[in-house]
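Structure, as structure tokens:
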Amino acid sequence: MKTTKQSPAASVENIFRLEGRVPVAKAIPFGLQHVLAMFVSNVAPIILVSSVALYNGESFTAVEVARLIQNAMMIAGIGTLIQLYPVWKVGSGLPVVMGVSFTFVSAMMVIAARDYGLMIGAIIVGGCIEGILGLTVKYWRRFVAPIVSACVVTTIGFSLLGVGISSYGASDAYDFGSWQNLLVGTITLAACLIFQALAKGFWKQLNVLFGLGMGYVAAICFGMVDFSSISATVEELGIVSLPMLLHYTPKFQLGAIVSVTLVFLVSAAETIGDTTAVCTGGLGRDITERELSGSLCCDGFVSAISGGLFGCTPITSFSQNVGLVAMTKVVNRFTIMFGALTLVIAGLFPPIGAFFSTLPSCVLGGCTVIMFGAIIVSGVTMLGQCGLDQRNTLIAAASFAVGIGVTQVDGFFSHMPQVIGDIFAGNPVAGVFVVAMVLSLTLPKNIEIRKESPRD
């Protein structure tokens, strides 16, 4: 008599495991929580770049910008699906959420203001270079010591605190720092903390979604939510709209390519930090060579697709969601897949994206500040696991002091080439990574202070 192999039963407890199925009704809210945590940050970079961009000498129309936002949601969902379920060697198989990167905004705005086609060409080349870097991980991974990754993860958390606090005090309805904004942000934060403290079982891990819901209701009461954007989007794009593909012809210029490729190397450092933090903070283990290779390949090759096919800026792993994983321990790929599918659907149904975009900044800030703090805690945990001997302490202290310090002083790179300032002045992750790498490779392996025995 033949026996059929039955698939394991779906269980809500699987949300804390990388593999396994979760009941769909339970999986959807956890996936949606990931989308809400990163939605505005995913579309904001393309809005900023398109606001200054010229294509064939003409500025972008409102419809073109709306279509680029639609494409940004689509490529973020596709990138996340590839990270979760790798294609060939592209993708890590880890609970990493991808989105349009803020890291590239400064360089992209400069190039796009000259010609959007130059930006697209530079993204294609730079993305392929990072992808190739991912394929060759086994040849260079040994040079990236654990202390370097720990410093990068910690710095990612610190670099995002300003973003979280800026959102906490902002909305379109009131001036920055107004009591209305701060009150709604505080309500959101308090709702997250109270729900985490009082909820039972797996429900605790939905504290961010609960906080966003409570904050959204409070924001409506204060008149912060503008629903007119939904009807405006429907008038421009309709209820269903296919993405705009191959609309911008790439142009290749060496200066633009070099500038963008350097930023891709910084993005690679962030991706190394993010995926390492997901493994240590969410899975409780070190990242494997295969996972690191796949994550960088996804970062690079999908960014090239984002530019060449969808006309968007590069995508990368989202630190907001790394913080969410570290805080909730929800690492199930099947669950997070529903968040990725939500992004894809939002790219096909513009009103869905328009609805998510009505979420006020102060509501997001109330949730993200604690998530960014969770990234710092993950980084500090990694530092402790590295062992803070004198050599590691020196590497961490110098990289934090220089990498973060130069971003605190305006004009520090004013007499250096602009590309240096673009990379290091506004992004502490880049400086910390470079300083930590240089010191890790050059400092003697044993620089401990030894106590000399007294002479007789």
Side-chain angles (χ1 to χ4, degrees), residues 38-76 78-79 98-127 130 163 166-167 229 233 236-237 243-253 255-264 266-267 270 299-300 302-318 320 343 346-347 350 353-354 357 361 418-419 421-423 425-427 430:
M38 56 80 73
F39 188 85
V40 173
S41 295
N42 179 62
V43 299
I46 199 68
I47 294 173
L48 291 172
V49 172
S50 61
S51 67
V52 301
L54 296 175
Y55 184 62
N56 293 332
E58 296 184 0
S59 301
F60 283 29
T61 65
V63 173
E64 285 180 307
V65 174
R67 286 196 171 277
L68 283 174
I69 293 172
Q70 177 187 359
N71 284 8
M73 292 183 288
M74 177 72 74
I75 191 61
I78 293 172
M98 304 293 286
V100 177
S101 175
F102 262 107
T103 304
F104 293 84
V105 167
S106 178
M108 296 293 110
M109 290 180 74
V110 172
I111 299 171
R114 292 162 53 200
D115 191 285
Y116 204 75
L118 291 176
M119 186 197 81
I120 297 299
I123 291 172
I124 294 173
V125 176
E130 186 187 1
V163 176
S166 296
S167 298
S229 61
T233 301
E236 292 177 358
L237 300 179
M244 177 179 63
L245 304 178
L246 297 172
H247 187 72
Y248 304 100
T249 303
K251 301 175 184 178
F252 301 96
Q253 186 183 72
I257 291 172
V258 171
S259 178
V260 171
T261 299
L262 289 174
V263 186
F264 264 108
V266 175
S267 177
E270 292 181 337
D299 213 45
V302 179
S303 287
I305 294 172
S306 175
L309 186 62
F310 289 86
C312 288
T313 51
I315 69 170
T316 190
S317 56
F318 254 46
Q320 289 95 319
L343 287 168
S357 68
S361 295
Q418 183 178 344
V419 66
D422 289 343
I423 293 173
N427 187 357

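In this view, Ser167 satisfies the side chain to side chain donor-acceptor pair (under 3.5 Å) rule with no residue, not counting sequence neighbours. Scanning for side-chain contact (heavy atoms from CB on, under 4.5 Å) contacts around Ser306 gives Ile75, Cys312, Ile315, with sequence neighbours left out. Annotation: side-chain contact (heavy atoms from CB on, under 4.5 Å) contacts of Ala256 (sequence neighbours excluded): Ile111, Ala122, Gln253. Evaluation of the ring-ring contact (aromatic ring centres under 6.0 Å, His included) rule for Phe318 yields no partner, not counting sequence neighbours. Take Tyr55 and apply the ring-ring contact (aromatic ring centres under 6.0 Å, His included) test, not counting sequence neighbours, and it matches Tyr248. With sequence neighbours excluded, the residues satisfying side-chain contact (heavy atoms from CB on, under 4.5 Å) with Leu245 are Pro243, Leu309, Phe310.
Pairs of residues two or more places apart, or lying in two chains, that qualify as salt bridge (Lys or Arg N to Asp or Glu O under 4.0 Å) and include a residue from residues 243-252 are Asp115-Lys251.
Pairing each heavy atom of Ala113 with each of Leu54, the nearest pair is O-CD1, 3.5 Å. Between Leu68 and Gly311, the shortest heavy-atom contact is CD2-O, 3.4 Å. The nearest pair of heavy atoms linking Ile123 to Ser303 is CG2-O, 3.3 Å. Across all non-hydrogen atoms, the minimal contact from Ala53 to Tyr116 is CB-CD1, 3.6 Å.
Taken from CE in Met119 to OG1 in Thr313, the straight-line distance is 6.0 Å, to the nearest 0.5 Å. From Glu64, atom CD reaches atom CE of Met244 across 6.5 Å, with rounding to the nearest 0.5 Å.
In this structure the side chain of Asp299 reaches within 4.5 angstrom of the side chain of Met98, judged on heavy atoms.
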